[in-house]
There are 2 protein chains.
Amino acid sequence: MTGSATRLDETPLDEQEVPEAGTAGGALYRRVAADLREAITTGAYGEAGRLPAEGALAERYGVSRGTVRQALAVLRADGLVTSRRGTRRVVLGNARVQSFSELLSFTHWARAMGEEPGGRLESLVRRPADAAEREQLRLEPGAEVYVTLRLRTLSGSAVMVERTVYPPHVGVLVAQLPPDVVSHTEHLREHGILFTDADHTIDVVAANAEDAKLLGCRRGAPLLRERRRTTDPTGCPVEWSQDRYLPGTVAFSVHNSMVTSALSRHARADD
Amino acid sequence: MTGSATRLDETPLDEQEVPEAGTAGGALYRRVAADLREAITTGAYGEAGRLPAEGALAERYGVSRGTVRQALAVLRADGLVTSRRGTRRVVLGNARVQSFSELLSFTHWARAMGEEPGGRLESLVRRPADAAEREQLRLEPGAEVYVTLRLRTLSGSAVMVERTVYPPHVGVLVAQLPPDVVSHTEHLREHGILFTDADHTIDVVAANAEDAKLLGCRRGAPLLRERRRTTDPTGCPVEWSQDRYLPGTVAFSVHNSMVTSALSRHARADD
DNA sequence: AAGTGGTCTAGACCACCAG
DNA sequence: TGGTGGTCTAGACCACTTA
């Protein structure tokens with residue numbers, strides 16, 4: 001009923017897999033979290049039902065209370081459950097889970113939706129970085145960057161224009177990429193470039209001449225813009241991208257709470 | 001140099017304040033987090049510098065390592081620092097802090113920017129909830145809702161149209177509200193309605209006739225839309241709002257990482 | 001090989017909520 | 001008043017990075 005409903009010792013430990021995603025990470029608390037997530041989204045605790053007490057869960061899974069709390073913190077951050085002192089946790093909603101790579105990679109995202117991702121590399125140039133690019137990618141004056149322009153499609157129809165600026169050590173890899181590679185993000189990962197953190201800014205802009213030509217819309221037509229700066233595990237910027245979507249093709253969702261708020265609202269786009 | 005750089009015992013404990021915001025929460029780890037945040041944003045550790053080890057921080061603040069880790073988890077969620085096994089944490093960027101209420105309340109937000117918030121209640125009606133509203137607010141068939149339409153201004157100029165649907169127990173409070181109240185969010189809080197969790201969805205829509213008239217734009221002109229469902233500490237929905245901003249007036253920012261991702265991307269707006 | 005963060009445990013006390 | 005989650009401690013072992 002409740003996923004496994006028994007101790008996790010019975011779960012095989014031999015699954016290696018990718019360190020990300022997958023319902024069974026190596027850490028104990030991740031497996032507890034995965035099991036509880038499964039139970040919650042399946043409706044085992046009802047629409048707005050109450051979860052068992054931390055102590056009860058600890059006993060059920062054969063782990064300490066601290067580990068249970070670590071697992072529950074994951075679910076709370078995802079907006080799956082509430083938590084307040086004095087009462088058991090309450091189911092908040094059926095969460096929209098989405099792995100990190102699924103969010104950064106257009107290809108992953110499209111496939112996860114069952115759609116066929118497509119795209120075309122329109123251009124790739126290497127040139128000196130301007131001031132803004134140097135600041136975003138933390139580069140020295142005089143440093144060069146690689147800039148790509150891609151048109152992305154879903155099931156054949158144009159959806160988004162993506163302009164990405166790469167620092168040199170990443171750019172050389174992108175430049176060597178065969179032109180028919182579907183997911184450059186995947187390719188970069190295989191070459192040791194990891195994406196772990198990202199800052200996103202979302203607003204609306206008018207299509208310029210280039211956007212209009214590629215997307216097949218009028219010049220000045222509104223586009224949903226997402227600017228994104230991604231860093232690797234060492235905190236080093238590896239990508240600065242600007243994606244422009246046709247209206248009606250995409251929406252972004254965020255959950256936040258009084259204890260965990262990664263969302264903020266800004267006046268005018270400072271650009 | 002580093003905020004206090006000494007044990008926190010010297011910090012007065014008498015500050016009560018609002019449980020939210022404020023750099024000094026009651027919990028020990030919150031004070032450590034606040035002190036570290038201060039030090040980081042001040043640049044005490046440099047642009048991409050390394051933080052002291054957990055053990056060193058524990059000793060400096062006179063707390064256990066567990067408490068230090070709790071504090072650092074806050075900063076990591078905010079996108080202020082990275083963290084990986086084997087190396088000290090690295091400063092990621094100067095975070096855009098924004099309290100939860102500042103994000104939910106147009107009035108709070110405007111004042112925090114130094115702008116003068118204004119607004120006008122265009123209409124308030126009470127009527128049976130439709131199917132979508134019942135689902136969002138988790139209401140029984142036949143239940144009624146209160147619907148408000150507000151025009152929000154910054155320094156006199158129209159910026160946003162806000163349509164909010166309230167469940168009965170909140171709606172009655174809104175209906176009793178004097179028409180000249182600036183912040184209804186504040187008013188609701190004083191009456192025991194607390195906002196603790198929110199789900200946001202951001203996309204682009206075309207202005208309808210009503211939007212156009214209020215915002216002074218053409219019908220069909222693009223608007224940045226934010227739909228938001230807010231719940232109270234018990235997990236009970238208290239508000240379902242749809243805000244429509246004129247382009248160029250606002251942008252939303254999110255930080256996420258491989259360990260904590262509250263952001264997701266959806267195909268088409270399911271509405 | 002040494003240092004560092006990630007994970008897990010066991011136990012304690014407190015603040016808060018509900019019956 | 002009893003149960004619950006929030007906070008804090010002390011110690012342990014492991015996985016990983018760096019040199």
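A note on names: the letters A, B, ... follow the listed sequences, proteins ahead of strands, and every chain is numbered from 1. The structure presented is a predicted model; accordingly, all values stated were derived computationally and were not measured.
Each of A:A27 and B:T234 was assigned the nucleotide of DNA chain C with the nearest heavy atom; the assignment lying further toward the 5' end belongs to A:A27. Ranked by how close their nearest DNA chain C nucleotide is to the 5' end, A:V68 and B:P52 are led by B:P52. When each of A:A53 and B:T67 is assigned the nucleotide of DNA chain D bearing its nearest heavy atom, the one mapping closer to the 5' terminus is A:A53.
Nucleotide C:dT9 holds its P atom 14 Å from the CD atom of A:E59, rounded to whole Å. Here the P atom of nucleotide C:dG6 and the OH atom of A:Y29 are 9 Å apart, to the nearest Å. Rounded to whole Å, the distance from CG on A:L57 to P on C:dT9 is 14 Å. Between the CD atom of B:E54 and the C1' atom of D:dC16 there is a distance of 14 Å, rounded to whole Å. As rounded to whole Å, 18 Å separates atom P of C:dG5 from atom CE of B:M258. Spacing between atom CG of A:D232 and atom P of D:dT17 amounts to 12 Å, rounded to whole angstrom units. If you measure from atom CZ of A:R65 to atom C1' of D:dT7, you get 9 Å, rounded to the nearest angstrom. Rounded to an integer number of Å, the gap from CG of A:L51 to C1' of D:dT4 is 13 Å.
Between A:R89 and the phosphate of D:dG6, there is a side-chain N or O to OP1/OP2 separation shorter than 4.0 Å. Between B:R50 and the phosphate of D:dT18, there is no side-chain N or O to OP1/OP2 separation shorter than 4.0 Å. Side-chain nitrogen and oxygen atoms of B:R69 include none within less than 4.0 Å of the OP1 or OP2 phosphate oxygen of C:dG5.
You won't find any donor-acceptor pair under 3.5 Å spanning the side chain of A:R76 and the base of D:dG5, going by distance alone. Judged by atom type and distance alone, B:R30 does not reach the base of D:dG6 through any side-chain donor-acceptor pair under 3.5 Å.
Residue A:L28 places its side chain closer to C:dC8 than to any other of D:dT9, C:dC8, C:dT7.
Using a 4.0 Å cut-off between charged side-chain N and carboxylate O, A:R134 and A:E140 make no salt bridge. Under 4.0 Å is where a charged nitrogen must lie from a carboxylate oxygen, and between B:R228 and B:E239 at least one such pair does. B:E102 has no carboxylate O lying under 4.0 Å from a charged side-chain N of B:R111, or vice versa, which leaves the two without a salt bridge.
Note that the CZ atom of A:R84 and the OG1 atom of A:T82 stand 7.0 Å from one another [nearest 0.5 Å].
Contacts between residues 80-87 of chain B and DNA chain C, counted as heavy-atom distances below 4.0 Å, involve B:S83, B:R84, B:R85, B:G86, B:T87.
One N or O on the side chain of B:T41 and one on the backbone of B:R37 form a donor-acceptor pair closer than 3.5 Å. Between the side chain of A:W109 and the backbone N or O of B:R265, at least one donor-acceptor pair lies under 3.5 Å.
Counting non-hydrogen atoms of neighbouring residues, nucleotides and ligands closer than 6.0 angstrom, the CD atom of B:E135 reaches no more than 12 such neighbours.
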